[in-house]
Trainee: 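Sharing a structure here in structure tokens format.
Every number for a ligand or one of its atoms is a count from 1 in the order of the listing. This structure is a prediction, so every number in the text was calculated from the model and none was measured.
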Amino acid sequence: MNVLVFDTEEQIGVAAGYYMCGQVLQKPDSVLGLATGSTPLKPYAHMIDLYNEGAVDFSKVTTFNLDEYCKLDVNDKNSYHKFMHENLFDHINIPEENINFLDGNAEDMDKECKEYEEKIKKAGGIDIQLLGIGSNGHIAFNEPADSFQRWSHIVALKESTIKDNSRFFNSIEEVPTHAVTMGIGSIIQAKRILIIALGEHKAKAVKQVIDGQVTPQCPASVLQFHKDVTLMLDKGAASLL
Ligand code: PGA
């Protein structure tokens with residue numbers, strides 16, 4: 001694993017933004033796996049800056065987002081559709097038809113999940129997957145569990161995740177209890193993975209990812225088995241290394 005420690009979140013934003021855009025410069029029709037949460041905000045801001053400077057063109061890029069809440073309108077301010085449009089898609093030139101999300105409101109969720117996996121395959125697989133990590137070691141909405149869930153699936157969110165995410169809602173009761181997420185198998189099939197962790201509350205999970213036991217109780221630990229992972233950390237997240 002390529003572990004990079006930075007002084008500030010700003011610096012991580014710049015480094016990660018270049019990393020993602022570097023992929024697109026090398027391969028204009030790249031398939032990007034994208035994440036939501038506070039972690040990717042600065043990387044996305046830097047990708048937008050590079051686009052505005054004319055340094056990168058996203059017109060041939062395809063994207064797949066990791067996850068989405070269930071039973072939340074896509075136009076709700078807390079939907080991940082909305083988040084991605086506000087923080088990235090509305091500011092760069094990825095064609096709308098190349099943007100892919102799991103549909104948290106699909107009637108037949110099994111079918112939805114299977115079709116998403118098929119779409120990723122048909123697009124040639126994900127070239128680079130951007131990931132945050134939960135303080136409990138989750139990636140996307142793959143929560144600690146007794147076994148790794150391989151493909152896209154529906155999940156009941158853990159109490160700790162509902163609590164972590166309630167900061168974006170008016171009250172904890174408004175946080176959806178279920179989400180649909182790419183599985184661990186879908187994630188580790190990406191050719192390259194960029195995972196970012198910010199803050200001391202992520203330090204324990206980060207340590208486990210780097211030199212702990214690989215266990216579904218810390219879903220991100222499975223990244224030890226991937227051959228091309230870059231981990232960008234601030235000092236807080238790196239404090240137990
Ligand atoms: P955060 O969430 O970026 O809001 O910290 C990361 C995650 O839970 O995957």
Trainee: Please set out all donor-acceptor pairs under 3.5 angstrom arising from side-chain atoms of residues 170-180, sequence neighbours excluded.
Mentor:
| residue | atom | partner | partner atom | Å |
| --- | --- | --- | --- | --- |
| S171 | OG | E173 | OE1 | 3.3 |

Trainee: Can you name the one residue among I48, D57, L50 that meets side chain to side chain contact (heavy atoms under 4.5 Å, CB included) with I92?
Mentor: I48

Trainee: Please enumerate all residues that pass side chain to side chain donor-acceptor pair (under 3.5 Å) together with Q129, with sequence neighbours excluded.
Mentor: none

Trainee: For ligand 1, what are the residues with a heavy-atom contact below 4.0 Å?
Mentor: G37, S38, T39, G132, I133, G134, H138, R167, K202

Trainee: Do Y116 and D103 have side-chain N/O donor and acceptor atoms under 3.5 Å apart?
Mentor: no

Trainee: Go through the side-chain N and O atoms of S221 and Q213 and say whether any donor and acceptor fall under 3.5 Å apart.
Mentor: no

Trainee: What side-chain donor-acceptor pairs closer than 3.5 Å can you find for residues 27-35, not counting sequence neighbours?
Mentor:
| residue | atom | partner | partner atom | Å |
| --- | --- | --- | --- | --- |
| K27 | NZ | D127 | OD1 | 3.2 |
| K27 | NZ | D127 | OD2 | 2.8 |
| S30 | OG | Q23 | O | 3.3 |
| S30 | OG | Q23 | NE2 | 2.9 |
| S30 | OG | K27 | O | 2.6 |

